[in-house]
Amino acid sequence: NSEVVYMAIGDVSNRTSKMTFRQQLATDKYGNQTLNNINPSITEDKFLYFGNKISALTDKTLDKLIRTNSFDLALS
């Protein structure tokens, strides 16, 4: 016997995005730097474009660019 619970989502608020740069610091050693409060409506291609431009300002090699989106849900 299984029970299914349904919830209605009412409102989505506090949408945010952050950009995390995983950079190679040395052989087999990596570090992360994160920029918060990125506009969540930015397209993926622009996110990648600006991430590469910002990373180029450092002397480290960009290994990975990570986008994290978050938001709050109000249940109704």
Side-chain angles (χ1 to χ4, degrees):
N1 185 12
S2 64
E3 182 179 336
V4 178
V5 177
Y6 294 96
M7 292 184 292
I9 298 173
D11 188 29
V12 176
S13 61
N14 296 324
R15 291 180 185 268
T16 61
S17 286
K18 66 182 178 180
M19 181 181 289
T20 302
F21 303 87
R22 182 175 182 230
Q23 297 172 311
Q24 186 171 11
L25 305 176
T27 303
D28 296 327
K29 184 175 180 184
Y30 298 89
N32 292 332
Q33 292 184 322
T34 300
L35 293 176
N36 295 308
N37 300 317
I38 302 296
N39 183 343
S41 66
I42 191 171
T43 61
E44 297 301 321
D45 59 330
K46 287 184 180 179
F47 184 88
L48 182 59
Y49 172 82
F50 288 114
N52 282 322
K53 292 295 183 185
I54 293 168
S55 179
L57 297 173
T58 71
D59 61 346
K60 308 296 183 219
T61 301
L62 180 63
D63 177 64
K64 188 183 291 186
L65 183 63
I66 303 164
R67 179 178 186 160
T68 306
N69 297 317
S70 65
F71 50 87
D72 295 338
L73 296 176
L75 302 178
S76 58

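What you see is a predicted model; the values in this text were computed from it and never measured.
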**Item:** Least distance between heavy atoms, Ser17 atom then Pro40 atom
**Value:** OG-CA, 3.4 Å
**Prompt:** Taking only residues two or more places apart in sequence or in another chain, which ones pass side-chain hydrogen bond (donor to acceptor under 3.5 Å, both in side chains) with Thr20?
**Reply:** Thr34
**Request:** With sequence neighbours excluded, give me every salt bridge (Lys or Arg N to Asp or Glu O under 4.0 Å) pair touching residues 45-63.
**Result:** Arg22-Asp63
**Prompt:** OG/Ser70 to NZ/Lys18 distance, rounded to the nearest 0.5 angstrom?
**Reply:** 7.5 Å
**Message:** Other members of the hydrophobic cluster containing Met19, with the 4.5 Å side-chain heavy-atom rule, please.
**Reply:** Phe21, Leu35, Ile38, Ile42, Phe47, Leu48, Tyr49, Phe50, Ile54, Leu62, Leu65
